[in-house]
Number of protein chains: 2
Amino acid sequence: MAGSTLRDVARRAGVSIRTVSNVVNGSVPVSDELRVRVQAALDELDYRPNLVARNLRRGRSGMIALVVPELDVPYFAELAREVITAARTHGYVVMLDQTDGDGERERELLGRESRATMFDGLLLSPLSISADELRRRTNRVPVVLLGEHIFNGSFHHVAIDNVAAARDATEHLLGLGRRRIAAIGDQPYSTGETAQLRTTGYRQALERAGLTVDEELIVPTPRFHRHLGAEAMERLLALPEPPDAVFCYNDLLAIGAMHTLARAGVRVPDDIAVVGVDGIQEGRYSSPSLTTVAPDKAAIARTAVSTLLGVIDGSAPAPTEAKAPHRLLVRQSTVATPAD
Amino acid sequence: MAGSTLRDVARRAGVSIRTVSNVVNGSVPVSDELRVRVQAALDELDYRPNLVARNLRRGRSGMIALVVPELDVPYFAELAREVITAARTHGYVVMLDQTDGDGERERELLGRESRATMFDGLLLSPLSISADELRRRTNRVPVVLLGEHIFNGSFHHVAIDNVAAARDATEHLLGLGRRRIAAIGDQPYSTGETAQLRTTGYRQALERAGLTVDEELIVPTPRFHRHLGAEAMERLLALPEPPDAVFCYNDLLAIGAMHTLARAGVRVPDDIAVVGVDGIQEGRYSSPSLTTVAPDKAAIARTAVSTLLGVIDGSAPAPTEAKAPHRLLVRQSTVATPAD
DNA sequence: GGTCATAGGTCGTTGGAAAAT
DNA sequence: TATTTTCCAACGACCTATGAC
């Protein structure tokens, strides 16, 4: 008895399909007598509305897609959690996909035969797709970008203030008396500009403190993964004059860097202080625990979802630039015994 | 020009809807002349098939749902990644939801007004829902369970051999000469039985080694989170005779336990060796890196997805019990300088 | 008798407008 | 006239049956 339809229920209750629909939806009043009769038939047949049919009729699927580079990167997993939660408060569910930072996959996702038409909108955390490419491909599907900017003004966009975040992290290190501060994670040739913005913030902090930037202390990494942080740290340790602090562009890089430091017997924070960005849970229980600039992920998710739903229902057509708050969480990787 | 349909294209090309459909799907041969003409119209109007309509007609959505307790728990994030990848090889996309281990939310998910009918099937990693409740609610929606067993034989199920995994972890510690081995993570009163199976494996290993189990070394935790592992470790350290090794039921508990050990100045592995379960990436870069029993998540995902698709297309009606492989990854938390 | 194209019905739901009470 | 209920036409793609060449 797989799947009874409105027609089945109507036949059993001896009423029209429309009446059953009215009982199910409650939009149009139905007399008590019929309501009871229909409800009984509904229960007996264990009727469940076919949501695909409903969506077709309504022109809405009630689903949005969230596309991130890698779901097993803690920041994205934690962000996804918040997005799912935020979407639910609006009655939406979330389809999740990952691109592995592969531009081809990002393109595919927006291509003609993609599943994109199944969703009312798309939250995209892009890595390598370019602005005009994205513009060309997103006709019709409402899109809100997360994190990466991709050219100003063309798309709705939610992120933290990356320059300020990087500056805050670097100034924290400066405030501890560190003067030879390295940076791990620059991506001067990336299409995305997150890394570049963080480099800007880092430079600003140093310059405001009257320090000159030592370019060999800026170690680029192609991605933000633990092992790349570990490798970058090795290079820094091999310098004739190693740093006394490191600003890592995300927490995974920082954790990789601390891994290298632990192996090398370098004390954190005594010899080298480490700070990251992302505020992932992993950093609370690492040894030492990790000082980090934590974006308000719940705020990002809420803003992104409500912006997207605004675009979907047509109430927010003009691209918006939303900045979510961030804050510095001071832990053992910079201060041996944090106040908190 | 939002959304042209087959009709629009047909009108523009001066052919019937069916012919356009044939060009789009390629199922029925179309003469070259018409094909070119139709293709031109397709391109001009930037036609994209409405997948909701297609799904309604085909009776398939091409989507499965993956429901996990918490997406920000690394094991589930990493598993989700593999599930998405596995689903894609079959042309399926994945809707993700999380229950927060809340039984109410698990029930809701299967209830009458749920979105479940939008999906061809459901991969569920249950926490607190019971067997008959699940049975009662899953009429019609094909389900495959991940991890938790929930009564034998009623559902398709994919997991590692939890007893063997726990035994392997414990025997590894025994093989290192440890004799006072604690266990963190038992859940004697849980509806799920994963924790209980791991306790069984732990006991088996000790008994086979001719040791008696010291019940005060088995510390239960309501969930598998870092802070609970940290608390459990504090209790163990407070014992008159603390353990010389700890088997944690998952990696997060182990990481929490190591956090406590680091604070207390206890050396790992010298004073206390630590082993976890899950093989999450976090453990590769923790200090010290974490020895763990790693389930083959890709295998779990592949098996689960293909089993589910089998149920969907009717080729695998009888509940199957699949066991995925696991292996011990030896790292610094048990052996100061691992071979690898 | 193939090949190729068309008309028309179907999937299950919803909404407008008419018809019953 | 007001309230219920019914009929019928969508939503957009797919497919069976039918016929033209």
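Here is how names work: the chains are called A, B, and so on, in the same order as the sequence lines, proteins then strands, and each is numbered from 1. Side-chain atoms are counted along with the backbone in the values below, which use heavy atoms only and exclude waters and symmetry mates.
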| field | salt bridge (charged side-chain N to carboxylate O under 4.0 Å, His left out) contacts touching residues 87-98 of chain B (sequence neighbours left out) | value | R88(A)-D97(B), D97(A)-R88(B), D97(B)-R105(B)

| query | Is a side-chain donor or acceptor of K297(A) paired with a backbone partner of D278(A) at a separation under 3.5 angstrom? | reply | yes

| Heavy atoms under 4.0 Å, any strand shown: does N55(A) hit a base, just sugar-phosphate, or nothing? | nothing

| Minimum side-chain heavy-atom gap M95(A)-M118(A) below 4.5 Å | no

| field | Close side-chain approach of Y92(B) and V305(B), heavy atoms under 4.5 Å | value | no

Give every donor-acceptor pair under 3.5 Å between a side-chain atom in residues 29-36 of chain B and any protein atom, sequence neighbours left out.
from	atom 1	to	atom 2	distance (Å)
R35(B)	NH1	V30(B)	O	3.3

| On DNA chain C, which is the earliest and which the latest nucleotide, 5' to 3', with an atom closer than 4.0 Å to a heavy atom of chain A? | dC11(C) to dG16(C)

| field | Residue whose nearest DNA chain C nucleotide is more 5′ - R7(A) or N25(A) | value | R7(A)

| Contacts of R58(B) that satisfy salt bridge (charged side-chain N to carboxylate O under 4.0 Å, His left out) - sequence neighbours left out | none

| Sugar-phosphate only, base, or nothing, as touched by V52(B) at under 4.0 Å among non-hydrogen atoms | nothing

| message | For G14(A) and A53(A), find the nucleotide of DNA chain D closest to each by heavy atoms; which residue's nucleotide sits nearer the 5' end? | response | G14(A)

| query | Quantified as the angle between the terminal helix axes (five pairs each), what is the overall bend of the helix from dG2(C)-dC21(D) to dT21(C)-dA2(D) to 10 degrees? | reply | 50°

| Sub-3.5 Å donor-acceptor pair from the side chain of Q98(A) to the main-chain atoms of R81(B), do we have one? | yes

| field | Test item: D120(B) side-chain N/O and S61(B) main-chain N/O as donor-acceptor pair under 3.5 Å | value | yes

| request: Examine distances only and state if a side-chain atom of H156(A) and a backbone atom of T320(A) form a donor-acceptor pair shorter than 3.5 Å. | output: yes

| Backbone N/O of A40(A) and side chain of D43(A): donor-acceptor pair under 3.5 Å | no

| request: Going by the side-chain contact (heavy atoms from CB on, under 4.5 Å) test, name the single residue among D313(B), L123(B), T303(B), V158(B) that passes it with L308(B). | output: L123(B)

| Within the structure shown, what part of the strands sits under 4.0 Å from I17(A) by heavy-atom distance: base, sugar-phosphate, or nothing? | base

| Between which nucleotides of DNA chain D, 5' to 3', does chain A make heavy-atom contacts below 4.0 Å? | dT4(D) to dG12(D)

